[in-house]
*Asks:* 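Questions regarding the structure given below will be posed in turn.
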Amino acid sequence: MKPLRIFRHVVCEPPSYLCHYLARHNIPYDIICLDEGLSVPEGLDDVSGLVFMGGAGSVNDSKQWIIQELDLIKQADKQKLPVLGICFGAQLISKALGGTVLECQTMEIGWHEVESVKFETLSDENKNLWLTDLPAQFEVFQWHAHTFSVPSGATALWRNSCCEQQGFAKDKILAAQFHLEVTANSILELTKRYASDLSHASECVQTAEQLTDHLNERVNRLHLTADKIYARWLTMAKLI
């Protein structure tokens, strides 16, 4: 089986729990650490799918590696190759598929609930494919300053009050604004590295104390949700 190719953009937003999940299911992967100066590999012949992690800045920046990643996503879409995007990665997918990425009215940081879009707006097929076994509302971890529109041909899946668009799917492509892959250690690292983001606490931006309250318990619950969403994407991708 060809490996999944995971793109890491910053050291403090690693694939973490996603890698544990893939290893448990004997799914091979490699990690391209762009933060260490590695280049974006061209072509898709040697991979079974692509994963794009979180990152700093905007996907609208004219950096060469961003342009190359956008091109890879467009190629994957044409070839019906599986793609998963997380936070910055989800914004990359939106832009590559013709959507718009812009700054949020407010940052969204911390533990927040997301809810499935109203079932009556989804076809029976999309309900079964993406939302089966998931509660209508669940808690996730957030840290972002940008948001995206749902591209033409994609289906919106989740939303919340801080940021309307929280995820969408198209064929074998899944984009999630929130982080399912974080661990207690990676959350602690984020609070240290980006402490200035927490200086103006609000309904959508939590304090460091709120972020770390009952941290292990919340992370464990998050990973149970991650198991279901990862399984759904990998099933759609025909990788499990």
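Fair warning: this is a prediction, and the values are worked out from it, not measured in the lab.
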*Asks:* Less than 4.5 Å apart, side chain to side chain, heavy atoms only: is that true for Glu139 and Val114?
*Replies:*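 With C-beta onward as the side chain, the pair stays apart.
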*Asks:* Hey, does Leu180 have a side-chain heavy atom less than 4.5 Å from the side chain of Leu18?
*Replies:*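 When only atoms from C-beta onward are counted, Leu180 and Leu18 do not touch, as no gap falls below 4.5 Å.
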*Asks:* List the atom of Leu34, the atom of Glu69, and the distance in Å for their closest heavy-atom pair.
*Replies:*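 Heavy atoms only, the tightest pair is CD1-OE2, 3.3 Å.
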*Asks:* If you compare all heavy atoms of Ala56 against all heavy atoms of Val10, which two are closest, and at what distance to 0.1 Å?
*Replies:*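 Distance-wise, the nearest heavy atoms are N-CG1, 4.1 Å.
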*Asks:* Just so I know, are the side chains of Ile32 and Val40 near enough to count as touching, which here means a heavy-atom distance under 4.5 Å?
*Replies:* no
*Asks:* Do the side chains of Tyr17 and Ile31 join up, straight or via other hydrophobic residues, at under 4.5 Å, putting them in one cluster?
*Replies:* yes
*Asks:* I'd like to know if Arg8 pairs up with Glu13 as an ion pair, taking the criterion as any Lys NZ or Arg NE/NH1/NH2 lying under 4.0 Å from an Asp or Glu carboxylate oxygen.
*Replies:* no
*Asks:* Between the side chains of Gln166 and Glu115, does any donor sit under 3.5 Å from an acceptor?
*Replies:* no
*Asks:* For a quick test of reading the model, state the closest non-hydrogen atom pair linking Leu72 to Pro41 and the distance between them.
*Replies:* CD1-O, 3.7 Å
*Asks:* Would a single hydrophobic cluster contain both Ile27 and Leu44, if residues Ile, Leu, Val, Met, Phe, Trp and Tyr are joined by side-chain heavy-atom contacts under 4.5 Å?
*Replies:* no
*Asks:* Nearest 0.5 angstrom please: Cys163 SG to Gln142 CD, how far?
*Replies:* 7.5 Å
*Asks:* Does the pair Lys2/Asp45 count as a salt bridge with the N-to-O cut at 4.0 Å?
*Replies:* no
*Asks:* Once you round to the nearest 0.5 Å, how far does CG of Leu84 lie from CD1 of Ile229?
*Replies:* 10.0 Å
*Asks:* Has Asn160 got a side-chain atom pairing as donor or acceptor with Cys162's backbone, closer than 3.5 angstrom?
*Replies:*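 Yes.
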*Asks:* Counting distance only, does the side-chain N/O of Glu36 pair as donor-acceptor with the main-chain N or O of Cys33 below 3.5 Å?
*Replies:* no
*Asks:* To the nearest 0.5 Å, tell me how far Glu164 CD sits from Arg159 CZ.
*Replies:*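 Here the interatomic distance stands at 4.0 Å.
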*Asks:* Quick one: do Ile66 and Met53 end up in the same hydrophobic cluster if we chain Ile, Leu, Val, Met, Phe, Trp and Tyr together by side-chain heavy atoms under 4.5 Å apart?
*Replies:* no
*Asks:* Give a yes-or-no answer on whether the side chains of Gln75 and Asp71 include a donor-acceptor pair shorter than 3.5 Å.
*Replies:*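 Short answer, yes.
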*Asks:* Would a line drawn from the ring center of Phe178 to the ring center of Trp158 be shorter than 6.0 Å?
*Replies:*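 Centroid distance Phe178-Trp158: below 6.0 Å, so yes.
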*Asks:* Do Ser94 side-chain atoms and Ser149 backbone N/O form a donor-acceptor pair below 3.5 Å?
*Replies:*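 Confirmed, Ser94 side chain pairs with Ser149 backbone.
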*Asks:* Would you say Val182 and His179 make side-chain contact, with heavy atoms under 4.5 Å?
*Replies:*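 Side-chain contact under 4.5 Å: yes.
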*Asks:* For the hydrophobic clusters of this structure (ILVMFWY residues joined by side-chain heavy atoms under 4.5 Å, transitively), does one cluster hold both Leu102 and Leu92?
*Replies:* no
*Asks:* Does His9 use its side chain to pair, donor to acceptor, with the backbone of Asp35 at less than 3.5 Å?
*Replies:*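 A pair under 3.5 Å: no.
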*Asks:* Hey, does Ile6 have a side-chain heavy atom less than 4.5 Å from the side chain of Cys19?
*Replies:*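 Yes. Closest side-chain heavy atoms under 4.5 Å.
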*Asks:* Taking atom CG of Leu174 and atom CZ of Arg232, what is their separation to the nearest 0.5 Å?
*Replies:* 11.0 Å
*Asks:* For a quick test of reading the model, state the closest non-hydrogen atom pair linking Ala169 to Leu157 and the distance between them.
*Replies:* CB-CD1, 3.8 Å
*Asks:* Considering all heavy atoms of both residues, which atom of Ser58 and which atom of Phe88 are nearest to each other, and what is their separation?
*Replies:* C-CE1, 3.9 Å
*Asks:* Parallel under 30°, tilted from 30 to 60°, perpendicular over 60°: which one fits the rings of Phe7 and Phe52?
*Replies:* parallel
*Asks:* Between Leu188 and Leu215, is there a side-chain heavy-atom distance shorter than 4.5 Å?
*Replies:* yes
*Asks:* Quick one: does Gln206's side chain have a donor or acceptor within less than 3.5 Å of a partner on Trp111's backbone?
*Replies:* yes
*Asks:* Using the rule given for side-chain hydrogen bond (donor to acceptor under 3.5 Å, both in side chains), can you reason through Trp143 versus Asp197, listing the C-alpha separation, both sets of side-chain angles and the distance that settles it, and then say yes or no?
*Replies:* CA-CA 9 Å; Trp143 201 305; Asp197 288 350; 3.0 Å; yes
*Asks:* Side chain of Gln165, backbone of Ala156: donor and acceptor closer than 3.5 Å?
*Replies:*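 No.
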*Asks:* Just jot down the side-chain hydrogen bond (donor to acceptor under 3.5 Å, both in side chains) partners of Lys228, sequence neighbours excluded, or say none.
*Replies:* none
*Asks:* If hydrophobic clusters are built by linking Ile, Leu, Val, Met, Phe, Trp and Tyr wherever their side-chain heavy atoms come under 4.5 Å apart, do Val51 and Met1 end up in the same one?
*Replies:* yes
*Asks:* Which heavy atom of Thr235 sits nearest a heavy atom of Ala231, and at what distance?
*Replies:*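 Nearest pair, atom of Thr235 first, then Ala231: OG1-O, 2.7 Å.
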*Asks:* When you compare the side chains of Glu108 and His144, does any donor N or O come within less than 3.5 Å of an acceptor on the partner?
*Replies:* yes
*Asks:* For the pair Arg24 and Asp227, find out whether any cationic side-chain nitrogen is under 4.0 Å from an anionic carboxylate oxygen.
*Replies:*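 A salt bridge links Arg24 with Asp227.
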*Asks:* Are Met236 and Trp130 side-chain neighbours, meaning at least one heavy-atom pair lies under 4.5 Å?
*Replies:*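 Touching, per the 4.5 Å side-chain cut-off.
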*Asks:* Any side-chain heavy atom of Lys172 sitting closer than 4.5 Å to one from Val83?
*Replies:*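 Sidechains of Val83 and Lys172: no contact.
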*Asks:* First locate atom OG of Ser48, then atom CG of Leu239, and finally report the distance between them rounded to the nearest 0.5 Å.
*Replies:*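 Between atom OG of Ser48 and atom CG of Leu239 there are 5.0 Å.
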*Asks:* Passes side chain to side chain contact (heavy atoms under 4.5 Å, CB included), Phe141 versus Leu190? Steps please.
*Replies:* CA-CA 12 Å; Phe141 187 78; Leu190 284 169; 4.0 Å; yes
*Asks:* Has the side chain of Asp213 got a donor or acceptor atom that lies under 3.5 Å from a matching backbone atom of Glu209?
*Replies:* no
*Asks:* Say you draw a straight line from CG of Leu198 to CE of Met107; how long is it, rounded to the nearest 0.5 Å?
*Replies:*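 Answer for the CG-CE pair, Leu198 versus Met107, is 8.0 Å.
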